[in-house]
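Before any comments, here is the structure.
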Amino acid sequence: MNPTSIHEDRGSIPGLTQNQIKLPDKMTSCQVAEDPIKKVAIFGGTHGNELTGVFLVKHWLENNTEIQRTGLEVKPFITNPRAVEKCTRYIDCDLNRVFDPENLGKRMSEDLPYEVRRAQEISRLFGPKDSEDSYDIIFDLHNTTSNMGCTLILEDSRNDFLIQMFHYIKTSLAPLPCYVYLIEHPSLKYATTRSIAKYPVGIEVGPQPQGVLRADILDQMRKMIKHALDFIHNFNEGKEFPPCAIEVYKIMEKVDYPRNESGEIAAIIHPKLQDQDWKPLHPGDPVFLTLDGKTIPLGGDCTVYPVFVNEAAYYEKKEAFAKTTKLTLNAKGIHSSLH
């Protein structure tokens, strides 16, 4: 295991241990006036075999009473209908990785991968990014086969509005845990389907096998959306939210499975790591197990917090799990600029 990127992540903060790392402190007494939220989209089926979002969005397309809030346009939308029809993650390529300027700017052609063409359509319908017409918030609903429970995915550590929203959702769900995964990283951040919105929100709930529906997972995702929409409604109605702080897990590096000379997997996730997402993993702790019984431990000199442990969809991406570090993010108080 090469802990290089751990040192790179910490290199600019000499003298701090892993658990002391803080992003810039923004906890101040001042209030920030934010524009009211007008347009919200809820995406399901970005990955066609992650069925909770598909099931909920199809339900809300038939009966949207549950997601209606006064003065708010809420649009449920199936993002990858062909993949949903086939109950597969994608047709040609991962829709949740192609919302970059290069792909969105390609000349429309039947020769383009289906998901790139679909990304351009979605960008036209809900974006384009940073335009006056783009949707304020997109909730993108996902499932994971990993034991991650309720997870909110944050793309920007300095976004007061989303930190406030996530704080509200976490508080409302308690005592059910809700984790925040921060994917802000110079090379590991990816061009998500939701990134065309002013406020992109990833919602990831598991464990759930691909192509399967579990009632408990569906109920948890449904509650996350309910609390998120309640927060938006309260904000639009003039409620002031005081400064707050949340705990987040920031991506550091992705770890591949050990491989042999042919590039095939040579060791599997160790039983002591399996299902231990968000739990501290210390140097020397078991990580992988070879078929001849050899344990491969975590290298490096600092504790990490693994996520997406043994995720089924990430075998093709050569990712056994991701290492994260735990941080505290602070947000200023916010209120609607209309009030």
Side-chain angles (χ1 to χ4, degrees), residues 1-10 18-19 21 46-47 49-50 89 94 96-97 140 142-155 177-190 192 202-210 212 217 247-260 263-291 293-327:
M1 291 277 201
N2 185 351
T4 306
S5 65
I6 295 175
H7 296 300
E8 287 173 353
D9 231 57
R10 297 168 59 200
Q18 178 83 13
N19 293 334
I21 299 174
T46 294
H47 297 134
N49 56 4
E50 297 175 10
R89 183 173 173 89
D94 193 332
N96 209 32
R97 302 293 188 276
D140 195 15
H142 290 267
N143 291 118
T144 172
T145 62
S146 303
N147 189 30
M148 289 173 64
C150 297
T151 301
L152 293 160
I153 303 180
L154 180 65
E155 302 191 10
C178 180
Y179 304 92
V180 178
Y181 182 37
L182 176 62
I183 62 169
E184 190 177 62
H185 190 281
S187 60
L188 298 179
K189 187 173 180 178
Y190 47 94
T192 60
I203 293 183
E204 188 91 46
V205 189
Q208 178 171 278
Q210 297 173 348
V212 170
I217 300 296
E247 184 178 83
V248 307
Y249 295 80
K250 182 183 180 184
I251 188 165
M252 298 164 60
E253 76 175 295
K254 294 175 179 179
V255 179
D256 189 11
Y257 296 90
R259 296 182 182 270
N260 62 21
E264 296 173 328
I265 289 174
I268 59 178
I269 293 288
H270 195 281
K272 289 190 175 175
L273 176 57
Q274 182 63 49
D275 300 327
Q276 299 305 301
D277 300 77
W278 311 115
K279 306 281 177 61
L281 185 65
H282 307 288
D285 285 352
V287 174
F288 296 109
L289 184 64
T290 66
L291 285 181
K294 181 188 172 193
T295 293
I296 300 173
L298 181 70
D301 59 358
C302 58
T303 298
V304 298
Y305 298 83
V307 296
F308 285 110
V309 175
N310 210 7
E311 162 61 49
Y314 290 174
Y315 274 72
E316 69 173 26
K317 299 183 191 298
K318 298 188 173 182
E319 296 169 20
F321 64 95
K323 294 178 183 177
T324 73
T325 182
K326 193 158 39 166
L327 310 172

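Counting from 1, the numbers follow the sequence of the chain as shown.
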Intermediate values then yes/no, side-chain contact (heavy atoms from CB on, under 4.5 Å), Thr192 and Asp140: CA-CA 9 Å; Thr192 60; Asp140 195 15; 5.6 Å; no
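- Between His47 and Asn96, the closest side-chain pair of non-hydrogen atoms falls below 4.5 Å.
- Distance check: Gln276 CD to Asn310 CG gives 12.5 Å after rounding to the nearest 0.5 Å.
- With sequence neighbours excluded, the residues forming a side-chain contact (heavy atoms from CB on, under 4.5 Å) with Pro177 are Tyr179, listed by chain and number.
- Residues Thr325 and Lys250 meet the side-chain proximity criterion, which asks for heavy atoms closer than 4.5 Å.
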side-chain contact (heavy atoms from CB on, under 4.5 Å) between Ile265 and Arg259, intermediate numbers included: CA-CA 5 Å; Ile265 289 174; Arg259 296 182 182 270; 3.7 Å; yes
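- Side-chain atoms of Val205 and Ile203, non-hydrogen and from C-beta on, do get closer than 4.5 Å to each other.
- Interatomic distance, CG of Leu182 versus CD of Glu155, reported as 9.5 Å (0.5 Å rounding).
- Atom OH in Tyr305 sits 10.5 Å away from atom CG in Leu281 (nearest 0.5 Å).
- Panel note: side chain Asn147, backbone Asp277; no donor-acceptor pair is recorded below 3.5 Å.
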Pair His142-Thr46, side-chain contact (heavy atoms from CB on, under 4.5 Å): steps then yes or no: CA-CA 8 Å; His142 290 267; Thr46 294; 3.8 Å; yes
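- Other residues, nucleotides and ligands contribute more than 12 heavy atoms inside 6.0 Å of the NZ atom of Lys317.
- Side-chain atoms of Trp278 come within 3.5 Å of backbone atoms of Met148 as a donor-acceptor pair (strictly under, hydrogens ignored).
- Of the possible donor and acceptor atoms, none in the side chain of Asn260 sits under 3.5 Å from a partner among the backbone N and O of Ala266.
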Verdict with supporting geometry, Val180 and Tyr249, side-chain contact (heavy atoms from CB on, under 4.5 Å): CA-CA 6 Å; Val180 178; Tyr249 295 80; 5.9 Å; no
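- In this structure, Arg89 and Glu50 have side chains that are in contact, with non-hydrogen atoms separated by less than 4.5 Å.
- Note: Leu273 CG to Ile268 CD1 = 11.5 Å, rounded to the nearest 0.5 Å.
- A side-chain donor-acceptor contact under 3.5 Å links Thr144 and Glu311.
- For Tyr314 and Phe321, the distance between ring centers is not under 6.0 angstrom.
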